[in-house]
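Report on the structure given below.
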Amino acid sequence: MTTPSHLERLNPEQRAAIETTEGPLLVLAGAGTGKTRVLTTRFAHILLSHRAKSWQVLTVTFTNKAAREMRERITSILGEPAEGLWLGTFHSICARMLRRHAEYVGLTSNFLILDTDDQLRLIKQVVQPWRIDVKRWPLNGLMGIIQRWKDRGLTPDTISPADNTDYADGHARAIYAAYQARLRELNVCDFGDLMLHVVEILRTRPDVLTQYQRLFRYILVDEYQDTNTIQYLWLRLLARREGEPANICCVGDDDQSIYSWRGAEVENILRFEKDFPGAKIVRLERNYRSTAQILGAAAGLIAHNEGRLGKTLRPGRDDAQGDLVHIVGVWDSDAEAREVCSRIERLRRDDHPLGEFAILVRAGFQTRAFEERLVQTGIPYRIVGGLRFYERAEIRDAIAYMRVLVNPADDLAFERVVNVPKRGVGTAALQKMHVEARGQHASLSVALAFLLKSGGFRGKAAEKLNAFQECFETQRALLAKEGHVVAVGNLLEESGYLGMWRDDKAPDAPGRLENLKELIRALADFSTLSEFLEHVSLVMESEGTNEDQKVSIMTLHGAKGLEFDTVFLPGWEEGVFPSQRTLDESGDKGVEEERRLAYVGITRARYRATILHAANRRIYANWQESMPSRFLDELPDEYVDREGETATRQARQDYSGIFRTSVFSDDVTSSMSPLVARRRSSVNDELAANTSKIEIGSRVFHQKFGYGVVVDADRGSAEVVFEKAGSKRVMASYLQPASE
DNA sequence: AGTAAGCCATTTTTT
DNA sequence: ATGGCTTACT
C-alpha cells in the first residue's frame with residue numbers, strides 16, 4: 001500500500017496526530033516540532049479521506065496571521081482553494097455566527113464592532129452618573145475588568161459577589177451592566193461580546209446549537225494553551241454530537257503559555273482529558289529547528305516549572321550539533337547593546353543575512369539602547385510590533401469618516417471626526433449636540449442638522465459644520481454612482497482632512513499622508529465600503545511586511561511562533577526578566593510564566609543563542625545595580641558557556657572577590673567584570689556617546705522633529721532649533737549628525 | 001478654545 | 001526622565 005503524498009515524510013507521532021481523526025485528541029506540540037504542518041495536513045487528510053466536506057470542519061486560531069498561513073498551506077496541499085471554510089480566528093468566526101443570529105441577543109445583523117478607542121469613549125459616557133473619581137479609578141482599568149469578566153463568560157447578572165471588585169467603589173458591576181445596555185442600544189459589539197453573545201445564543205437556543213454541532217464534524221484548535229474561559233465554553237458547546245464528545249483536536253504547548261495576564265487559562269489544556277473523556281494525547285517532541293545545545297538549555301530551564309504535562313524536546317535534525325548557548329555579563333545597557341551589535345557585525349562579515357538575527361526583549365523600554373547602537377553602527381533594523389497600521393491616528397480618523405459616510409447615526413465615529421480638522425467644536429458645542437440628540441432620541445448627526453437649521457450655531461463654527469455635514473451628504477449621494485473609492489477620496493479631501501495633514505509641519509506628516517493613500521488604495525480590494533469596514537474591525541493587520549534584510553527587534557511575546565538563525569536575549573536580570581511587576585502581582589505562578597517566556601525565547605533560535613545580563617540598569621530616573629536572572633542559574637552547565645558570568649555571579653555573593661575578565665571581546669568594557677568595568681566606565685561611556693559630534697552650530701537629525709541646528713549643548717542634552725518643529729531641548733542620544 | 005503647568009505611571013497584546 | 005493626560009489659566 002502506498003502512502004498518500006500528503007502523509008509522506010512525517011514522523012510517527014506526527015502521523016498519529018493526523019490519522020487519529022475520531023474522538024477528542026490533544027496534540028502536545030513542543031516548539032519547532034511541526035505543529036502547523038500537523039494541523040494543516042490533518043485538515044487535508046480529513047478532506048482527502050472523505051470524512052467530511054471542507055465546510056464541515058471548524059478550524060480556529062488566535063491571530064489572523066495564523067489563519068492566513070493555514071489557509072495558504074491547506075490550499076497548496078489540496079491544489080485548490082477549499083470551499084466555504086470555517087477557518088479563522090475565534091473572533092472572526094464568532095462574528096460570522098453572530099451576524100446570522102444577532103436578533104437572539106437584541107442586535108441586528110449589521111451590528112458594528114468597536115475598537116478600543118470607541119470602547120473608551122463609550123465607557124466615559126456611561127460612567128458619568130456614578131461620578132467616578134477617574135484619578136483613583138482610571139477608566140482603562142474599568143475596561144480591563146469588564147474585559148476580564150467577558151473573558152470568563154460572566155455577564156452583569158452572573159457576576160457573583162466573589163467575582164466583584166472594589167474598583168470604582170464597587171460600582172464596576174453596575175457600570176458593566178450600563179455599558180452592555182448602551183452597546184445594545186447602539187447596535188454595536190466590543191470584541192469580548194462576539195464570543196459572549198454567541199455562547200449566550202448557543203446556550204439558550206438548542207436549535208441553533210444542534211445546527212452547528214451537526215455541521216462541524218471535525219474541530220481543530222490551534223494554540224489551545226492560550227484559550228480563555230469563554231473560548232473554552234464555546235468549544236465545549238460545539239464539540240458534542242449526540243451527547244458524546246466530538247472529533248475535536250486541540251494543538252498546543254503548556255510550556256508556551258504566556259498570556260495568562262490577558263485571560264488565557266493554562267488550566268484548559270491541563271484539564272483536557274477530564275473535559276473530553278476518552279481523549280487521546282499525542283506528544284510531538286522531535287524538534288527540527290534548533291541545535292542540541294539550544295534544546296538542552298531550553299529543556300533544562302523549563303524543567304524547573306511544576307504542573308507541566310511533561311514533554312522533552314529532542315533534536316530531530318541531523319546537523320543538530322552546534323555552539324553552546326552563550327551567557328554574557330556586561331556593565332550596563334549600553335555595553336549590552338554594543339556587545340550585541342559587535343557580535344552581529346562579526347557574523348555579518350561571515351555572510352550571515354541580517355534578516356536572520358533577532359533581539360528579543362522582555363519589555364519595550366529595552367529597545368532604545370539597541371536602536372541607538374544599531375543606528376550608530378549603521379546596521380539596518382526593524383522594530384516588530386510597534387504601532388500597527390490600523391492603530392495609527394490618521395487611519396482611525398479616516399475610518400471614522402468612512403463609518404459616518406456609511407451610517408450617519410454612528411455617533412462614536414461622528415464624535416471622533418466632528419472636530420478633526422478643527423471646526424471650532426469644543427466640549428460646549430459637543431454637549432449641545434448631545435443634549436439635542438438625547439431630546440430627540442436621534443443621532444448626533446441629526447441633532448447637528450437640526451441645530452444648524454434652527455440657528456443653534458453661529459459664525460465660523462456654523463459655517464464649518466455646515467460644510468462638514470454637506471460633504472457627507474454629497475459623497476453619500478455619489479457613493480452608488482462613483483463607487484466607494486472615489487467617494488471616500490472626495491470625502492477626505494473635501495472635509496479638509498487630507499489638507500490638515502498637508503499643512504501639518506511635523507516631519508511625520510508626509511508619512512501619514514502616505515498611509516492614508518495606502519488606505520484608499522486598499523479600499524479597491526473590497527466591493528463595498530461595509531465589507532471593507534468589517535475587514536478592518538476584525539483583521540487589524542499592518543501593511544505588507546517588507547522582506548528587507550534587517551535585524552528584528554521585538555518582545556518575547558511578539559516572537560512566539562517565529563524562528564531565527566541567531567537570537568540575542570538581553571536583560572536577563574532580576575526585576576527585568578523575570579519582571580518585577582509579575583513577581584509582585586503573581587508570585588510563583590508569575591515566575592513560572594516568565595520562565596515559559598524564557599523558554600519561548602531560547603527556542604526561537606536555530607543555531608545560536610546569546611543571553612546577556614547587565615550589572616547596572618537605569619530604571620526610570622536612576623541607576624540600579626541588578627542581579628543576574630535566576631533563570632541563568634537554571635540553565636544546565638553542559639549546554640552553556642558563561643563568559644564573564646562567573647564574575648557577576650560571585651559579585652552577587654561577595655563584592656570583594658577577584659574577577660576574571662573575558663578574553664572574548666572587541667570592546668573592553670562590554671564583557672569585563674562589573675567592578676573592573678566600574679572604574680573605567682565613566683570615562684569610556686562618555687567617549688562612546690555620540691555627543692562629540694553634536695556641537696553648537698552643527699546640523700542634526702531627530703526621528704521625531706526632523707532636521708535642525710544645535711544652538712546649545714551640554715553633556716546629555718542639546719537645544720536644537722528644528723526647521724519644522726521649532727526650538728526644543730532634546731536628548732543628545734536621539735540626535736544624529738545630518739549627512740547633507 | 002487653546003495653551004501652560006502639574007500629576008502619574010511606566011510589561012507583555014490579540015481580536 | 002519622559003510622555004500622556006487632566007486641570008487651570010489666559
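Computation of the quantities below employed the complete heavy-atom set of this structure, encompassing side-chain atoms and omitting hydrogens, waters and symmetry-equivalent molecules. Per chain, numbering begins at 1; letters A, B, ... match sequence-line order.
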Checklist entry - How close or far is atom C1' of B:dT15 from atom CD of A:Gln119, stated in whole angstroms? => result 10 Å
Checklist entry - Among side-chain atoms of A:Glu436 and A:Gln431, is any donor-acceptor pair under 3.5 angstrom? => result no
Checklist entry - Say you pick atom P in B:dT11 and the same atom in C:dG4; how far apart are they, in whole Å? => result 15 Å
What nitrogen or oxygen pairs link the protein and nucleotides 8-10 of chain C at under 3.5 Å?
none

Checklist outcome for this item: For A:Ile93, the side chain to side chain contact (heavy atoms under 4.5 Å, CB included) test, sequence neighbours excluded, returns A:Leu58, A:Val60, A:Trp86, A:Met97, A:Trp234
Checklist entry - Excluding sequence neighbours, so at least two apart, what forms side chain to side chain contact (heavy atoms under 4.5 Å, CB included) with A:Glu265? => result A:Thr229, A:Glu267, A:Asn268
Below 3.5 Å is the cut-off: list the nitrogen or oxygen pairs between protein and nucleotides 1-8 of chain B, distance only.
unit_1, atom_1, unit_2, atom_2, d
B:dA1, OP1, A:Gly424, O, 3.4
B:dA1, OP1, A:Gly426, N, 2.7

Next on the checklist: Could you tell me how far apart A:Lys150 (NZ) and B:dT15 (C1') are, to the nearest whole angstrom?
Outcome noted: 13 Å
Checklist outcome for this item: Sequence neighbours excluded, the answer for salt bridge (charged side-chain N to carboxylate O under 4.0 Å, His left out) partners of A:Arg99 is A:Glu534
Checklist entry - Nearest-Å distance, CD1 (A:Ile619) to P (C:dT2)? => result 16 Å
Checklist entry - Tell me the salt bridge (Lys or Arg N to Asp or Glu O under 4.0 Å) pairs involving residues 225-235 of chain A, sequence neighbours left out? => result A:Asp226-A:Lys560
Next on the checklist: With a 3.5 Å distance limit and no angle check, can you tell me whether A:Gln624 reaches the backbone of A:Ile619 through a side-chain donor-acceptor pair?
Outcome noted: no
Next on the checklist: Just to verify, what does A:Leu562 make a side chain to side chain contact (heavy atoms under 4.5 Å, CB included) with, not counting sequence neighbours?
Outcome noted: A:Lys65, A:Met554, A:Phe564
Checklist entry - Of all residues at least two apart in sequence or in a different chain, which pass the side chain to side chain contact (heavy atoms under 4.5 Å, CB included) check with A:Glu531? => result A:Phe526, A:Ser527, A:Thr528
Checklist entry - Which residue pairs satisfy the side chain to side chain donor-acceptor pair (under 3.5 Å) criterion with at least one member in residues 138-148 of chain A, sequence neighbours excluded? => result A:Arg148-A:Asp151
Checklist entry - Excluding sequence neighbours, so at least two apart, what forms ring pair (Phe, Tyr, Trp, His ring centres under 6.0 Å) with A:Phe62? => result A:Phe90
Next on the checklist: Please list all pairs meeting salt bridge (Lys or Arg N to Asp or Glu O under 4.0 Å) that have one or both residues in residues 575-589 of chain A, counting only residues at least two apart or in different chains.
Outcome noted: A:Arg581-A:Glu585
Polar atoms only, N or O, under 3.5 Å: list the protein pairs with nucleotides 10-14 of chain B and their distances.
unit_1, atom_1, unit_2, atom_2, d
B:dT10, OP2, A:Arg581, NH1, 3.0
B:dT11, OP1, A:Arg581, NH1, 2.2
B:dT11, O2, A:Arg362, NH1, 2.9
B:dT11, O2, A:Arg362, NH2, 2.3
B:dT11, N3, A:Thr582, OG1, 3.4
B:dT11, O4, A:Glu585, OE1, 3.4
B:dT12, OP1, A:Gly364, N, 2.7
B:dT12, O4', A:Arg362, NH1, 3.2
B:dT12, O2, A:Trp261, NE1, 3.4
B:dT12, O2, A:Arg362, NH2, 3.1
B:dT13, OP1, A:Thr555, OG1, 2.5
B:dT13, O4', A:Arg262, NH1, 3.3
B:dT14, OP2, A:Arg388, NH1, 2.8
B:dT14, OP2, A:Arg388, NH2, 3.2
B:dT14, O4', A:Arg262, NH1, 3.4

Next on the checklist: Whole angstroms only, please: what is the CG-C1' distance between A:Leu120 and C:dC5?
Outcome noted: 12 Å
